[in-house]
Amino acid sequence: MSSGSDFKSVKERVFGELGLYRQLSGLYDGQWLAGEGRRHVSAYSPINGEWLADVAVGDEEDYDRMMERAWLAFGEWSKVPAPKRGEVIRAIGDRLRAYLDSLGLLISLEVGKTPVEGKGEVQEMIDIGDFAVGLSRQLYGSTMASERPDHRLYEQWHPLGAVGVITAFNFPCAPWSWNALIAAVIGNVVVWKPSPDAALTAIATTNIVNEVLDEEGLPPLFFLAVDGAGEIGRRMSEDPRLPLLSFTGSVQTGKEVAAKAAARLGRTVLELGGNNAAIVTPDADLDIALKGVAFGALATAGQRCTTTRRLILHESLYDSFLPRLVDVYKEARVGDPLDPGVLVGPLIRRDAVGSYCSAIDRAIGEGARVLAGNSVLTLDGLEGGNYVQPTLMEGMRADSQVICEETFAPILYVVGYRDLDEAFAIHNRVPQGLSSAIFSNNLREVEAFLSVVGSDCGLANVNTGTAGAEIGGAFGGEKETGGGRESGSDAWKAYARRQTVTINYGRDLPLSQGLTFDVDQDGGG
Ligand code: NAD
């Protein structure tokens, strides 16, 4: 177990390398807002409850000034040719590479991920940066055959202006980059409101990327406004100066954001909660299935939108597969994520521990039995941290209320099935539709899972778990997950406005659909 002094020395090093202080500014409008006389929010580490820093937050006036500056910057940036914008994103990616280690560790300190996962998140920013560089030369529009002689018909894509990005605590910077680096390469500027539980990572990231722009003599493109209780988020939802708002967070908050944005006919990209299941069939490679389910359920202490929350297990596997999974649960080390042997770090806040306990109690009330876990841990030297034992339960009905909800904690419900139709019915019964997985080497089972009667989710995985998407594909989910798509593939189109262009280069004015509209050219009577 890492001692308190490890925490201190990691913190000193990381804060030093990233230029963070104990008093920080949480609003960047081209300059960092001066902190004196401002309201502050405090950042604490979920590892041991230690205070990390105070962050000054801006008021309404500061927000308005930031929006004005964002639109001014858009005027300049949108005129830079896209491949040149790509070169700037390349420089940003290189700078992020230089900070991979320290930024990854800051994520560990601030939200409790293991350093491997923290660095993985920074790597995602670097990867999407590379993707954006390639995209800068591939912002293609289609050319269509015109039905009229001497006419050209095609479409082009323009940037929208200022794009709003609101992010959740559990991925402090990767989802920002999936939005921001793609939006920027198209010519947009970006206004970011991070989770108050991950404000320091947002401040450090904003510092790094704008430093590059400053060196290149470019205007600031990446604006930041930290808030305390969603007040800036609410303002952004209602603000017509943000033609697009990308929101990552819970279904509950997402519904509020979506309603406000819809009331002003603003566009949204909604990336909301998941309730992801893995189906393990008798034809599965059980070693692969065990690893896939364990990583999906335990990584990030069950605090991923793609966490495996339901295991749909063929009844014939109860005696062979479940005991092995119980062993994994019993052996998974919970503790200080800075300790290299630890697999499961803390939950983000005390109230998340409360949600863990109440979900388990409700599941027991609905007939479930605990196979492993069900305890809140107080660890030596980490008394202020939020640690729970990952919990494995079975025996409740697949449509029980608690199983249909996303509890953001490491709880895995096991539900048995007899035939594949039943497995799909169980799988698709929940209101969310983010990620899904099947473990099977049977072609017929796999193809059925991928067919229209199989998984109803945005992400479908075969012989790999529900968690751990790559940036190259479009990421997002259906139903209450919100329907948004971001990151790779053609998700970039969400950050652009499509313009259909018709050019007549002839000497006549033929109309579409063969219409005639004769105007008397002699002036008539
Ligand atoms: P949350 O909904 O509590 O907060 C998300 C963001 O919304 C934060 O920045 C928060 O400050 C802000 N916010 C709060 N109230 C607001 C309001 N009224 N208007 C506008 N913004 C407001 O979520 P969380 O606890 O930070 O994150 C966990 C949730 O996010 C889980 O449900 C998880 O599944 C989801 N999530 C989804 C994805 C995805 O890609 N689908 C990715 C990560 C997290």
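One-based numbering along the sequence shown. All ligand and atom numbering here is 1-based and tracks the order in the structure.
Summary of contacts: the protein heavy atom closest to atom 28 (C) of ligand 1 is Phe408 CE2, 3.7 Å. Protein heavy atom in closest approach to atom 7 (O) of ligand 1: Phe247 CE1, 3.2 Å. Atom 44 (C) of ligand 1 has Asn170 OD1, 3.1 Å as its closest protein atom, hydrogens excluded (heavy atom only). In terms of protein heavy-atom proximity, atom 5 (C) of ligand 1 is nearest to Thr248 O, 3.6 Å. Here the protein heavy atom with the shortest distance to atom 20 (C) of ligand 1 is Gly233 C, 3.3 Å. Protein heavy atom at the shortest distance from atom 24 (P) of ligand 1 is Phe169 CD2, 3.7 Å. Of all protein heavy atoms, the one closest to atom 35 (C) of ligand 1 is Gly249 O, 3.2 Å. Protein heavy atom closest to atom 27 (O) of ligand 1, with residue, atom name and distance, is Ala168 CB, 3.2 Å.
The distance criterion of under 3.5 Å between nitrogen or oxygen atoms is met by Ser250 with respect to ligand 1. At a 3.5 angstrom cut-off on N or O pairs, Arg304 does not count as close to ligand 1. Geometrically, ligand 1 and Glu486 share no nitrogen or oxygen pair separated by less than 3.5 Å. Taking only nitrogen or oxygen atoms, main chain and side chain alike, Trp178 does not reach within less than 3.5 Å of ligand 1. In terms of N/O distances under 3.5 Å, ligand 1 is not approached by Cys305. Between Leu272 and ligand 1, a contact under 3.5 Å exists for at least one N or O pair. Distances between N or O atoms of Arg234 and those of ligand 1 include at least one value under 3.5 Å.
Using bins of under 30°, 30° to 60° and over 60° for the plane-to-plane angle, the ring pair Trp178/Phe171 lands in the tilted bin.
Between Pro431 and Lys479, the closest side-chain pair of non-hydrogen atoms is not below 4.5 Å. Annotation: side chain of Ile348 is not in contact with side chain of Asn386 (no heavy-atom distance under 4.5 Å).
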Legend entry - Pair Glu231-Lys193, salt bridge (Lys or Arg N to Asp or Glu O under 4.0 Å): steps then yes or no: CA-CA 10 Å; Glu231 61 276 12; Lys193 193 217 84 67; over 6 Å; no
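Contacts with ligand 1 closer than 4.0 Å are made by side-chain heavy atoms of Glu256 only, the backbone lying farther away. Under 4.0 Å from ligand 1, the heavy atoms of Glu406 that appear belong solely to its side chain.
For ligand 1, the atoms closer than 4.0 angstrom to any heavy atom of Val257 are 19 (N), 20 (C). Atoms of ligand 1 found under 4.0 Å from any heavy atom of Pro194 (numbered from 1 in listed order, with element): 9 (O).
Using modelled atom types and a 3.5 Å distance limit, the side chains of Thr248 and Glu271 yield no donor-acceptor pair. Using modelled atom types, one finds no donor on one side chain facing an acceptor on the other under 3.5 Å when comparing Asp197 with Tyr44.
For the pair Pro196 and ligand 1, a heavy-atom separation below 4.0 Å is found.
A 6.0 Å sphere centred on CD of Gln31 holds no more than 12 heavy atoms belonging to other residues, nucleotides or ligands. In Glu61, the CD atom is not crowded: 12 or fewer heavy atoms of neighbouring residues, nucleotides or ligands sit closer than 6.0 Å.
Salt bridge Arg485/Glu478: present, at least one basic N to carboxylate O contact under 4.0 Å. Ion pairing between a basic and an acidic side chain is recognised when a charged N comes within 4.0 Å of a carboxylate O; Lys255 and Glu480 show such pairing. Here Arg22 does not pair with Asp54 in a salt bridge; the nearest charged N to carboxylate O distance is not below 4.0 Å. Classification of Glu405 and Arg362 as a salt-bridged pair holds, one side-chain N sitting under 4.0 Å from a carboxylate O.
Of the candidates Thr167, Thr253, Thr306, it is Thr167 that places a heavy atom closest to atom 6 (C) of ligand 1. Looking at Glu271, Lys193, Lys255, Lys260 and measuring to atom 11 (O) of ligand 1, the nearest heavy atom belongs to Lys193.
Using a 4.0 Å threshold on non-hydrogen atoms, atom 32 (O) of ligand 1 counts as touching the protein.
The one candidate from Arg38, Arg39, Arg235 that meets the salt bridge (charged side-chain N to carboxylate O under 4.0 Å, His left out) condition with Asp59 is Arg38.
A cation-pi arrangement, defined by a distance under 6.0 Å to the six-membered ring centre and an angle within 45 degrees of its axis, is absent between Arg69 and Tyr28.
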